[in-house]
Amino acid sequence: MRITQGTFSFLPDLTDDQIRAQIEYSLAQGWALSVEYTDDPHPRNTYWEMFGMPMFDLRDAAGVMAEIASARATFPDHYIKVNAFDSTHGVESLRLSFIVNRPEREPGFALVREEAAGRSIRYTVRSYAVDRPEGERYG
Amino acid sequence: MTTVPAKDDQEDIEATGGSGIADDPSEISLDPGAVLADSGVEELLATLDAELVGLAPVKTRIREIAALLLVEKLRAQVGLSAGPPSLHMSFTGNPGTGKTTIAMRMAEILHRLGYVRKGHVVAVTRDDLVGQYIGHTAPKTREVLKKAMGGVLFIDEAYYLYRPENERDYGQESIEILLQVMENQRDDLVVILAGYHDRMDRFFESNPGIRSRIAHHIDFPDYTLDELLAIARLMLDQMHYRLSVEAEAALVEYIELRRSQPSFANARSIRNALDRARLRQANRLVARRGQELTREELMTIEAQDIRASRVFGEEVQEPEAAVDDSAVRPS
C-alpha cells in the first residue's frame, strides 16, 4: 500500500527535475531545507531521523540534491523526505514536506483491534513492515 | 565566512531565462555582438576597466574567459557542445593587488554569461573548512560547498589548508573533498583559490592534484607608482575628498617612500594612508574652533595632513608596520 504522507503524495513520484524545482522554490522563499529518513511508515511517526544537518543559507538546489543522492545511496529501501522550514517570526514551522524516496515494496497496514473496558473495542493500525527490527524492514 | 549575494538577483533570473536557447530555430542568432549585448557582460567589463586601475593581465584573462563562454553559448545553439569548460581559478599576487575584488566581479561576470546559476560569492578561509577534531572536517567542508553551489567559492590564503609540518592535519581531508567536488560538480560551482605567489607555488607543488584541476592561474602584478596614484584619486573621489596641489606632490613622495618599506600592501596601504590623512584633516579642522568652515575646506586634504605621516620621519621601519598591521593580513 502506497504511503501518502506530506505534500504531493497522491501524485506519481516526483522526478529529480521536479524535486529540484520544488527545492528551488523553497530556497527562493528563504526556507531552510533538511533531509530525513525512516523505515517506520506509521502516519503518526512525524519525527523521522535527520540525515545530516539542516541546510541553512543555501542558494542553489544542487547542494540539497547532492544530499538527497547521498541519502538514497545510504538508505535505498527507506522512506526519505525533504522538509522546508520557514523561520519567519510567528511561523517557525515546516512549510513543505514531501517524500523523495520510498521502498520498492510497501506492505501496508494491519487493523489491530483491542478489547477495552466493557464491550468496547479500540482500533489502531500497525504496519506489517515493523514486524521486523529496525533497519531490516524493507528489501 | 562571508556570503556576498548576487546583485539584482530577481532581475537576472528573468534575464537568463530570456537569453537562453531560442525556442524557434529560425530565431537563433549567431552574432556574438547580439549575445554579448543580451548578457550585459559588455557593460560589466567596461565598469571593470573604469573602476579597477591597472591589472592588465587579469583583465585580459577575464575577457578571454568571457569570450570563451560566449562562443560556447553560440556553439551550443547549433549543437556543437563541448561540455562546460573548467573554470576553477587561482589568483596569486602580493597583498592589496585586488584578488578579492576581482573574485567578486568574476562571480557577476560568470553569472551574466550563464555559467553559474546564482552568482553569489562565499568567501572562506581555512577556519571555515577545516574542523577541530576527527570527523568534524568533512561535514564542515561539505556544508560550505553546499552553500557555495550555484556561485563562487573563494578560498582566501588557500595554502593554509595544507600544513606539511603536521601529517595528521585535517586540512588534507578538506582538500580531498574539495578536489572531489571540483571534479564532479564542475557545473555547480567555481572554486577560486587566492594567496601570495610564493606560498601558493609551494602549495601547488605539494598538491599536484589541485594544480591540474585549476585551469586558470592568474597572477596579479604589483601596481606601479602611477597606478597607485590613480587608485588614491579614485578612492578619494568615492569618499568625496580631494587633494590640494601640494598634497598631491606629498602623496607621490609618500607612496615612493612607503613602497620601499616592509609590509607594503599596494592598494590596501594606500587606503590606510588616506584614512589616516582623513583623521589628521579632521583633527586640523576641529582645532580651528570658532571659525566657519567652507565646503571646500571640508573636502580638501592638505599637504600637512599627509606629511605628518611617520613614513616621512627618519626611523620609521617598526612603528609604521605596527600602525599598518592590517597590511600584513589580507582581508
Side-chain angles (χ1 to χ4, degrees), chain A residues 14-37 48-76 78 80-88 94-98 100-101, chain B residues 1-14 16-17 84 104 107-108 110-111 114-124 128-129 131 135-154 177-178 180-191:
Chain A
L14 299 186
T15 64
D16 276 6
D17 283 338
Q18 288 166 332
I19 293 170
R20 184 186 294 271
Q22 292 299 335
I23 295 171
E24 284 288 356
Y25 172 79
S26 308
L27 290 174
Q29 303 300 308
W31 302 338
L33 287 136
S34 64
V35 178
E36 295 182 352
Y37 68 95
W48 295 18
E49 264 76 42
M50 298 199 318
F51 188 86
M53 291 302 205
M55 289 164 270
F56 295 98
D57 304 326
L58 258 56
R59 301 280 171 147
D60 191 82
V64 186
M65 292 308 288
E67 199 73 355
I68 293 173
S70 113
R72 280 173 173 162
T74 318
F75 300 111
H78 280 49
I80 298 172
K81 71 178 174 186
V82 172
N83 298 326
F85 177 81
D86 184 354
S87 62
T88 312
L94 292 189
R95 282 298 189 117
L96 178 69
S97 169
F98 56 98
V100 294
N101 192 61
Chain B
M1 173 172 45
T2 49
T3 305
V4 181
K7 282 180 193 153
D8 47 34
D9 237 341
Q10 292 310 314
E11 180 196 319
D12 269 5
I13 288 169
E14 282 163 40
T16 41
M104 306 290 164
E108 213 179 325
L110 295 179
H111 181 43
Y115 187 81
V116 295
R117 288 185 296 269
K118 298 284 158 34
H120 60 291
V121 181
V122 176
V124 297
D128 300 305
L129 294 169
H136 189 202
T137 303
K140 212 172 165 182
T141 305
R142 288 223 173 80
E143 195 186 325
V144 168
L145 284 166
K146 275 187 271 182
K147 281 180 191 169
M149 280 187 184
V152 168
L153 177 65
F154 179 71
I177 296 169
L178 213 60
Q180 201 186 331
V181 173
M182 279 165 80
E183 188 66 24
N184 300 337
Q185 286 174 279
R186 222 183 289 168
D187 40 353
D188 285 332
L189 89 164
V190 170
V191 177

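To find a chain, count down the sequence lines: A is the first, B the second, and so on, and within it residues start at 1.
Scanning residues 48-57 of chain A against chain B with a 4.5 Å heavy-atom cutoff picks out A:Met55, A:Phe56, A:Asp57, ordered by number.
Residues passing the salt bridge (charged side-chain N to carboxylate O under 4.0 Å, His left out) test with B:Asp188 are B:Arg117, sequence neighbours excluded.
Taking every heavy atom of both residues into account, A:Asp60 and B:Met149 meet most closely at CB-O, 3.0 Å.
Using a 4.5 Å cut-off between heavy atoms, A:Ala62 touches chain B through backbone and side chain atoms alike.
Distance check, rounded to the nearest 0.5 Å: CG of A:Leu27 to NZ of B:Lys118 gives 6.5 Å.
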